[in-house]
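Sequence positions, counted from 1, serve as the residue numbers for this chain. For the numbers below, each heavy atom of this structure counts, side chains included, while hydrogens, waters and symmetry mates do not.
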Amino acid sequence: MKIVVIGAGKTGSQIVEGLVAEGHAVTVLDKDPRRAERIGNELDVLSYAGNGASIAALRGAEAQHAELLIAMAESDEVNLLCCIVAKRMGIPHTIARIRNPEYFEQLPLMREDLALSLVVNPEKITADEIARVLLFPSASQVELFAKGRAEIVACKLPAESPAAGKTLIEWGKITGARILVCAVQRGDGVIIPRGDFAPCAGDKLFITGATGDMARAFRKLGLFKSRAKACILVGGGRIGYYLAKRLCAENVSVKLLERDAAQAEHMAELLPAATILHADAGDYGVLLEEGLGNTDALVAITGTDEINILTGLYASRQNVPKVVVKINADGLAALADEAFAKLDSIVSPKRLAAEQVIAYVRALSAAVADEKIISVVHIADGGAEISEFVAAQSAPYLHIPLKEMKIRRNILLAGIIRGSKVIIPGGETCIEPGDIVLVCAAGQRIRRLREILV
């Protein structure tokens, strides 16, 4: 597919990298000549310096031949204008990054008029992911599928768990719940396990199941932690706004620290249910005064990765039960995950935004019209991915028991959602037309559900 991306910043670059890996022909347009040249050299894509809202600049980049335009410029207004111009040029599909809460909240009323195929809000996506982790703090990552009916959670297996060292077949007897370990991250490798696999202490597990079964299973496995009732947020930007609003709606007590006085005052107006403090979290004495030692969770979401890491580490040393930090730089995220094991959860807005765009592009490029891909989530530091498909009405994988199906190596069906029922697949399970099917694949990309077959 021929795709034009406007903006080569952090999020735009991450999206371009993902699209190139998917085999698409990508052209990048950025107003900064140095940034345009850098991404062209690093990712071997066509790149131009110019204004993405200018018809002349778009024609110079031959955008009129594109099937999709993705607007990731810094300004929401520019992104909207880019998409309107793209539609006038005949580009059939457009995606815009919209970050301003005021714009984002009124987009449902305007999306059709603005001719947007998809709206991406990295800060809102990030806030939602953090909220899921805080409301289910046993996990370092929680991903919802089938509109919340099924979920995949990530957690490290502690040595004191009664399941450590036991096979997954034995796990079923321990938990008494229908869950499935669909992937295991051990060191630098990712394992798609069978029933005779025995997870060890320190393994990072990715577990799928019905939402109602997870808490019960985690209790039996010795992994359960009570949901956060009080939380300290460090950073009063857009993520802080979306997250505080969500947590207050869930009756979580929220204290938000923001060092800029004007922004703190603005947040106090927007979030009357939260406690907004004008304070610098870099002064750790302030955190202690505001009850860090008694809080259930700390979330560091300032605009500086290094501050987030250090604040998170300090909170961990104060034995805060749940610590979440935002890190956008890939190198820092990998370093923090490896060297600072006390950081429970690391979130990356640009990664989450890229995953949303990649899922949409895969859906557009799928050759089988009725075999839809709904979402794609990368797990295990990108070593595996979970894809959510809708089974076709006619396909070679239908009505065949899984034990008789020839499935490619390092692929596992992690769950099937049929109506309101969540099915943990077994040997006798069959895929029926219209089922939502979760596929876990290590070291490979699955663009269509039929690609699971040998």
Side-chain angles (χ1 to χ4, degrees), residues 75-76 97-110 119-137 142 144 148 226-305 307-308 311-312 314-315 320-328 344-345 347-349 352-353:
S75 164
D76 290 353
R97 178 173 67 176
I98 306 297
R99 305 163 72 193
N100 186 316
E102 293 182 13
Y103 293 164
F104 185 77
E105 288 167 4
Q106 65 190 23
L107 275 174
L109 302 175
M110 301 163 45
V119 174
V120 177
N121 186 336
E123 288 79 11
K124 178 66 165 58
I125 302 169
T126 304
D128 288 342
E129 172 144 319
I130 295 172
R132 291 195 295 269
V133 168
L134 295 179
L135 297 173
F136 190 55
V142 180
L144 300 181
S226 299
R227 62 175 279 173
K229 296 179 181 177
C231 182
I232 294 176
L233 310 184
V234 178
R238 295 187 179 100
I239 297 176
Y241 164 75
Y242 287 120
L243 180 57
K245 185 177 179 181
R246 169 78 183 274
L247 293 177
C248 288
E250 296 282 351
N251 295 317
V252 177
S253 175
V254 175
K255 283 186 179 180
L256 188 151
L257 279 62
E258 168 56 46
R259 66 179 181 179
D260 182 83
Q263 181 65 12
E265 184 175 349
H266 180 57
M267 293 294 280
E269 295 173 357
L270 294 176
L271 300 165
T275 300
I276 311 299
L277 302 169
H278 172 219
D280 185 355
D283 179 359
Y284 297 142
V286 172
L287 288 173
L288 292 175
E289 289 175 8
E290 295 303 330
L292 181 67
N294 298 317
T295 195
D296 298 319
L298 176 132
V299 182
I301 42 178
T302 74
T304 306
D305 290 349
I307 291 176
N308 294 337
T311 305
Y314 181 75
V320 176
K322 190 68 180 178
V323 177
V324 182
V325 299
K326 175 181 77 72
I327 304 177
N328 247 335
D344 295 298
S345 301
V347 295
S348 167
L352 294 169

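Judged as a side-chain contact (heavy atoms from CB on, under 4.5 Å), and not counting sequence neighbours, the contacts of L288 are L292, Y314, Q318. The side-chain contact (heavy atoms from CB on, under 4.5 Å) search around E129 returns R132, Q141, E143, V347, R351, L352, not counting sequence neighbours. Take Q263 and apply the side-chain contact (heavy atoms from CB on, under 4.5 Å) test, not counting sequence neighbours, and it matches E258, D260, H266, M267. The side-chain contact (heavy atoms from CB on, under 4.5 Å) check on A274 picks up C248, V254, L271, I276, with sequence neighbours excluded. Under the rule for a side chain to side chain donor-acceptor pair (under 3.5 Å), the partners of S75 that lie at least two apart in sequence or sit in another chain are E77.
At most 12 heavy atoms of other shown residues, nucleotides or ligands fall within 6.0 angstrom of atom CD in E265. Other residues, nucleotides and ligands place no more than 12 heavy atoms under 6.0 Å from the CD atom of E102.
Taking CD1 from I130 and CG from L243, the interatomic distance works out to 5.5 Å, rounded to the nearest 0.5 Å. A distance of 9.0 Å separates CD1 of I232 from CG of N294, quoted to the nearest 0.5 Å. We find the OG1-CZ distance between T126 and R238 to be 12.0 Å, quoted to the nearest 0.5 Å. The distance from the NZ atom of K326 to the CD1 atom of I301 is 8.5 Å, given to the nearest 0.5 Å. We find the CD-CD1 distance between E105 and I98 to be 13.0 Å, quoted to the nearest 0.5 Å. Distance check: Y241 OH to L233 CG gives 14.0 Å after rounding to the nearest 0.5 Å.
Without hydrogens or angle criteria, D296 side chain to C231 main chain gives no donor-acceptor distance under 3.5 Å. Using modelled atom types, no side-chain atom of T295 and backbone atom of G291 make a donor-acceptor pair closer than 3.5 Å. When atom types are taken as modelled, the side chain of K322 and the backbone of A228 share no donor-acceptor pair closer than 3.5 angstrom.
Of all heavy-atom pairs spanning R97 and D76, the tightest one is O-OD1, 3.5 Å. Minimum interatomic distance between L256 and G236 (heavy atoms only, all atoms of both residues): CD2-CA, 3.6 Å. Of all heavy-atom pairs spanning V120 and A353, the tightest one is CG1-CB, 3.8 Å. Taking every heavy atom of both residues into account, A297 and L134 meet most closely at CB-CD2, 3.6 Å. Across all their heavy atoms, A264 and L277 have their closest contact at CB-O, 4.5 Å. Here the closest heavy-atom approach between residue Y242 and residue N100 is recorded as OH-C, 4.1 Å.
Between D305 and N328, the closest side-chain pair of non-hydrogen atoms falls below 4.5 Å.
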Can you give me every donor-acceptor pair (side chain of residues 278-287, partner residue at least two apart or in another chain, under 3.5 Å) with its distance?
from, atom 1, to, atom 2, distance (Å)
H278, NE2, R259, O, 3.0
D280, OD1, G282, N, 2.9
D283, OD1, G285, N, 3.1

